[in-house]
Amino acid sequence: MASQTWRDLKAAVREIKGVAISEVERRIDLAGGGMIAVRSSHQPDNLRGDGLNLAVLDEAAYMEARIWQEIVRPMLATSQGSALFLSTPFGRNWFWDLFRLGMDAEEPDWTAFQFATESSGLIAPEELAAIRRQTSDAVWRSEYLAEFNDDQGQVFRGIRAAIRPLGNPAPLEGHRYVAGVDWGRSVDYTAIAIIDATAGQLVALDRFNKVGWSLQRGRLQALTARWGAQVIWAEANSIGEPNIEALQREGLPVRGFVTTSASKSPLIEALALAIERGYLGLLDDPVLLGELASFSLERLPSGGYRYGARPGQHDDTVMALALAWYAAEHSGALIEFV
């Protein structure tokens with residue numbers, strides 16, 4: 001791969017005056033002082049060196065995760081340089097985590113793009129049609145549609161199939177609405193999910209951080225009042241308890257849910273079943289869908305299991321949704337799905 005890129009770059013600069021090409025170092029020096037170098041990631045530590053203004057990681061999903069965090073990113077730090085990650089998806093690995101950052105409106109330094117092979121115009125439609133007939137669905141979606149692997153092996157399955165457009169942006173008469181809240185402050189986010197328990201549909205999702213507790217409670221009060229939430233289940237651990245007490249004093253129908261390893265498992269499993277069986281419709285929210293897809297089940301040294309986000313990732317919207325679904329299941333009759 002590095003050899004092909006090197007050949008393409010040499011051909012592109014061959015007619016530019018003042019260019020010096022070093023075959024040994026695979027380096028192109030420009031007359032104005034700039035430099036372009038091509039390196040292979042086969043031996044990651046050989047990439048270490050002087051600072052960079054721009055790094056392009058081609059087929060990044062197939063590289064070791066530490067190449068970005070431990071080697072390339074420090075080389076961009078002094079110049080506050082940029083990075084471009086190009087790749088065919090390869091499972092939900094570190095490249096998937098970066099892609100999710102680009103899909104998150106709360107991460108302004110990141111942007112994600114996704115292009116199917118068809119959009120390039122380089123391959124004839126009849127050739128693509130022939131490839132489609134002779135290719136497995138998994139390979140087709142990954143290699144030609146640039147989609148990340150399906151949710152096989154993940155905690156939540158059938159995520160995309162569960163997306164339903166929101167019919168009414170306002171509460172319907174006779175429907176029962178419930179809410180779930182997962183608290184956060186600076187690093188983690190506070191997430192609020194509102195479910196139409198009568199229709200089995202997520203109707204609203206709010207997510208924010210770096211906001212004081214009084215403003216958080218006000219934001220929760222406004223959203224639940226708008227939808228007429230009849231019950232609100234909120235995480236009661238640590239910071240949650242004083243917020244719940246304050247909301248209860250203001251007359252909100254808030255109940256506390258203490259999250260432990262014993263209580264979290266049935267909470268998450270109930271949500272996973274609801275999504276997989278089609279009992280709960282989801283909004284097409286990239287942060288929520290990304291958190292659901294990345295939510296994992298970890299086997300502990302003791303032999304037990306633990307649900308949660310992978311290190312460095314968030315699961316705030318997942319927990320808010322799980323608490324809202326818990327409220328829906330424990331707050332009267334739900335619509336019957338057949």
Side-chain angles (χ1 to χ4, degrees), residues 155-156 171-185 188-209 211-275 279-283 285 288 291-292 295 306-309 314-335:
V155 173
F156 297 100
L172 297 172
E173 186 177 353
H175 283 226
R176 184 176 178 83
Y177 294 89
V178 298
V181 183
D182 185 63
W183 302 104
R185 182 63 183 269
D188 289 328
Y189 290 80
T190 288
I192 307 167
I194 308 288
I195 287 178
D196 179 344
T198 307
Q201 173 67 43
L202 174 65
V203 295
L205 185 67
D206 196 9
R207 173 178 177 262
F208 48 88
N209 71 350
V211 177
W213 295 122
S214 61
L215 290 177
Q216 291 197 29
R217 294 194 297 269
R219 199 156 166 169
L220 169 63
Q221 188 168 10
L223 186 62
T224 54
R226 175 189 167 191
W227 287 95
Q230 298 180 31
V231 64
I232 305 166
W233 278 92
E235 184 186 28
N237 300 52
S238 62
I239 59 176
E241 191 63 38
N243 280 308
I244 291 171
E245 292 175 356
L247 290 167
Q248 288 172 340
R249 287 195 297 269
E250 295 174 11
L252 271 70
V254 185
R255 302 178 185 178
F257 186 96
V258 179
T259 306
T260 65
S261 57
S263 66
K264 189 174 184 177
S265 293
L267 185 76
I268 295 300
E269 288 160 9
L271 177 61
L273 182 63
I275 293 173
Y279 300 158
L280 175 62
L282 303 176
L283 296 175
D285 182 279
L288 171 63
E291 286 189 4
L292 286 168
F295 201 83
R306 178 172 59 200
Y307 286 105
H314 296 283
D315 61 4
D316 314 287
T317 61
V318 173
M319 293 306 300
L321 183 63
L323 288 167
W325 181 248
Y326 180 86
E329 285 194 305
H330 295 82
S331 60
L334 295 170
I335 188 171

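All values below were derived from every heavy atom in this structure, side-chain atoms included, with hydrogens, water molecules and symmetry-related copies excluded. Owing to the predicted nature of the structure, the values given are computational and were not obtained by experimental measurement.
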Main chain of [Y], side chain of [X]: is a donor-acceptor contact present, judged purely on distance under 3.5 Å?
X	Y	result
Tyr189	Thr317	no
Asp315	Val318	no
Thr259	Asn237	no
Gln216	Gly184	yes

| Sequence neighbours excluded - ring-ring contact (aromatic ring centres under 6.0 Å, His included) pairs with any residue from residues 237-265 |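 As it turns out, the ring-ring contact (aromatic ring centres under 6.0 Å, His included) pairs with a partner in residues 237-265, which skip direct neighbours, are Phe257-Tyr326.
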
Separation of [Y] [atom2] from [X] [atom1] (nearest 0.5 Å):
X	Y	atom1	atom2	answer
Leu205	Ile192	CG	CD1	9.0 Å
Met319	Asp188	CE	CG	11.5 Å
Leu292	Leu321	CG	CG	6.5 Å
Leu280	Ile195	CG	CD1	5.0 Å
Trp213	Arg217	CH2	CZ	9.0 Å
Glu269	Phe156	CD	CZ	10.0 Å

Do [X] and [Y] make a side-chain contact, defined as non-hydrogen atoms from C-beta onward lying under 4.5 Å apart?
X	Y	value
Phe208	Leu215	no
Ile232	Ile244	no
Tyr307	Leu267	no
Leu247	Leu220	yes

Where [X] and [Y] come nearest, the two heavy atoms and their spacing:
X	Y	value
Ala324	Ala193	CB-O, 3.7 Å
Gly180	Leu323	CA-CB, 3.8 Å
Asp316	Glu291	N-OE1, 3.2 Å
Trp233	Gly256	CZ3-O, 3.3 Å
Ala272	Val155	CB-O, 3.7 Å
Val178	Ala327	CB-CB, 3.7 Å

| query | Sequence neighbours excluded, which residues qualify as ring-ring contact (aromatic ring centres under 6.0 Å, His included) partners of Trp183? | reply |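 Result, ring-ring contact (aromatic ring centres under 6.0 Å, His included) vs Trp183: none returned.
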
| Which residues satisfy the side chain to side chain contact (heavy atoms under 4.5 Å, CB included) test with Leu283, sequence neighbours excluded? |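 Result, side chain to side chain contact (heavy atoms under 4.5 Å, CB included) vs Leu283: Leu166, Gln201, Leu202.
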
